Each structure stands twice: as C-alpha cells, then as structure tokens.
Amino acid sequence: QVQLVESGGGLVQAGGSLKLSCAASGRTFSNYAMGWFRQAPGKEREFVVAISWSGGITYSGDSVKGRFSISRDNIKNTVYLQMNSLRPEDTARYYCAADPTGWGTQAPSKYVYWGQGTQVTVSS
C-alpha cells in the first residue's frame with residue numbers, strides 16, 4: 001500500500017503560479033512512477049504530467065506543456081507539480097497517483113494508488 005496526500009492547492013489569479021506537493025508513505029516510494037491528473041466538474045479525469053521512478057523521464061499533457069513541470073525527491077518521498085502561467089481552464093481538483101511499473105504513463109488505469117486530491121481554482 002502507498003498512501004498519497006496532496007497539498008498546496010488554493011485560489012490564484014490567472015497568470016499566477018502554484019506548487020502542489022504529494023507526500024507518499026508506505027511502500028518504497030522510489031519504486032513508483034508518479035503522475036498528476038486533474039478533474040473539473042462534469043469533465044473526465046485528464047492527464048497532466050508524470051515522472052519516472054528515477055526522475056529521468058517526464059511526460060506532459062498537451063494542455064500544460066511549457067507551463068507545468070513535475071519533479072520528485074526520493075529522500076523526502078514527495079512529488080511536486082509546479083504550475084506557472086495559470087489559466088481559468090486549469091481550475092480542477094488535482095490528484096497525484098503512483099504507477100508500479102516505474103516508468104510513468106498517461107493512462108489513469110496504470111496507476112494503482114491515488115490521493116484524495118487538492119482543489120486549484122484560477123480566477124480570471
């Protein structure tokens with residue numbers, strides 16, 4: 001079991017920045033690839049970014065490329081989502097998730113552990 005707890009969400013103006021954290025506990029964090037997903041009301045869950053177990057490979061969804069980045073600290077058992085140039089359409093609940101393959105993927109079905117999410121609201 002891996003327990004994931006997100007933090008850092010909140011209200012921010014368009015054009016601003018926010019950094020989310022996801023703290024992991026339980027099984028060896030460094031074995032897992034980590035991903036961030038988001039879901040807005042009435043919409044499907046959307047892939048945001050992912051990072052491999054070592055941090056050497058990252059993936060980004062088209063809607064956030066060049067604005068969002070993911071990083072991880074395997075000593076602190078934490079993964080981060082840095083969000084810059086935020087837009088109102090980035091408003092959603094953001095979830096982190098753990099992928100046991102270690103390589104990361106855009107497919108939510110590959111992630112076996114999920115956090116409860118943290119709300120991000122971007123005002124125009």
Side-chain angles (χ1 to χ4, degrees):
Q1 284 279 1
V2 175
Q3 292 78 41
L4 302 172
V5 179
E6 302 94 336
S7 62
L11 175 64
V12 63
Q13 287 190 333
S17 298
L18 209 56
K19 186 174 185 177
L20 306 184
S21 299
C22 173
S25 60
R27 291 183 179 268
T28 306
F29 174 73
S30 59
N31 287 347
Y32 293 81
M34 298 297 296
W36 286 94
F37 293 78
R38 66 186 182 186
Q39 189 165 20
K43 294 189 176 181
E44 292 186 356
R45 189 163 293 190
E46 177 188 10
F47 170 75
V48 179
V49 289
I51 190 167
S52 63
W53 67 274
S54 67
I57 302 171
T58 61
Y59 312 83
S60 295
D62 290 340
S63 62
V64 305
K65 279 181 181 175
R67 301 188 298 123
F68 291 13
S69 62
I70 187 172
S71 60
R72 67 188 296 160
D73 185 331
N74 285 347
I75 302 299
K76 295 182 178 179
N77 289 353
T78 303
V79 63
Y80 305 97
L81 174 61
Q82 178 67 49
M83 304 185 291
N84 299 325
S85 302
L86 281 160
R87 305 167 180 168
E89 53 264 39
D90 294 319
T91 295
R93 192 163 186 85
Y94 284 71
Y95 300 86
C96 70
D99 163 21
T101 71
W103 297 109
T105 174
Q106 297 189 24
S109 60
K110 299 298 185 182
Y111 294 81
V112 297
Y113 300 111
W114 292 81
Q116 294 299 307
T118 185
Q119 179 67 34
V120 172
T121 302
V122 184
S123 63
S124 57

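Owing to the predicted nature of the structure, the values given are computational and were not obtained by experimental measurement.
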Backbone of P41 reached by a side-chain donor or acceptor of R93 within 3.5 Å: no
pair M83-Y94: side-chain heavy atoms closer than 4.5 Å: yes
Stacked cation flag R45 on W114, 6.0 angstrom / 45 deg: yes
Side chain T118, main chain G9, donor-acceptor under 3.5 Å: yes
Main-chain N/O of V120 paired to R38 side chain as donor or acceptor, under 3.5 Å: no
Approximate separation, where rounding is to 0.5 Å, of S30 OG and N74 CG: 5.0 Å
is_close_aromatic(F37, Y95), centroid dist under 6.0 Å: no
Taking every non-hydrogen atom, the tightest pair across I51 and S71: CD1-CA, 3.8 Å
Shortest non-hydrogen contact from S124 toward P88: CB-CG, 3.8 Å
Linked, directly or transitively: V2 and W103 (ILVMFWY side chains, under 4.5 Å): no
Minimum heavy-atom distance N84-F68, with the two atoms named: O-CE1, 3.9 Å
Straight-line distance of E46 CD to D62 CG, nearest 0.5 Å: 9.5 Å
Short side-chain to backbone donor-acceptor contact, E6 and Q116, under 3.5 Å: yes
Check against side-chain contact (heavy atoms from CB on, under 4.5 Å), L20 and Y80: CA-CA 6 Å; L20 306 184; Y80 305 97; over 6 Å; no
Side chains of L11 and S123 in contact at under 4.5 Å (non-hydrogen atoms): yes
Any donor-acceptor pair under 3.5 Å from S54 side chain to G56 backbone: yes
Criterion side-chain contact (heavy atoms from CB on, under 4.5 Å) on W36 and C22, from CA distance to verdict: CA-CA 9 Å; W36 286 94; C22 173; 3.7 Å; yes
Heavy-atom side-chain contact between Y111 and M34 under 4.5 Å: no
Counterpart residues, salt bridge (charged side-chain N to carboxylate O under 4.0 Å, His left out), relative to K19 (two or more places apart): none
Shortest non-hydrogen contact between L86 and R67, atoms and distance: CA-NH1, 4.0 Å
Trace of the side-chain contact (heavy atoms from CB on, under 4.5 Å) decision for V49 with Y59: CA-CA 5 Å; V49 289; Y59 312 83; over 6 Å; no
Salt-bridge present (D90, R87; N to O < 4.0 Å): no
Under 3.5 Å: donor-acceptor pair, side chain of S63, backbone of G61: no
Verdict with supporting geometry, Y32 and D99, side-chain contact (heavy atoms from CB on, under 4.5 Å): CA-CA 5 Å; Y32 293 81; D99 163 21; 5.9 Å; no
Heavy-atom pair of closest approach, residues G8 and L18: O-CG, 3.6 Å
Distance-minimising heavy-atom pair for F29 and V79: CZ-N, 4.1 Å
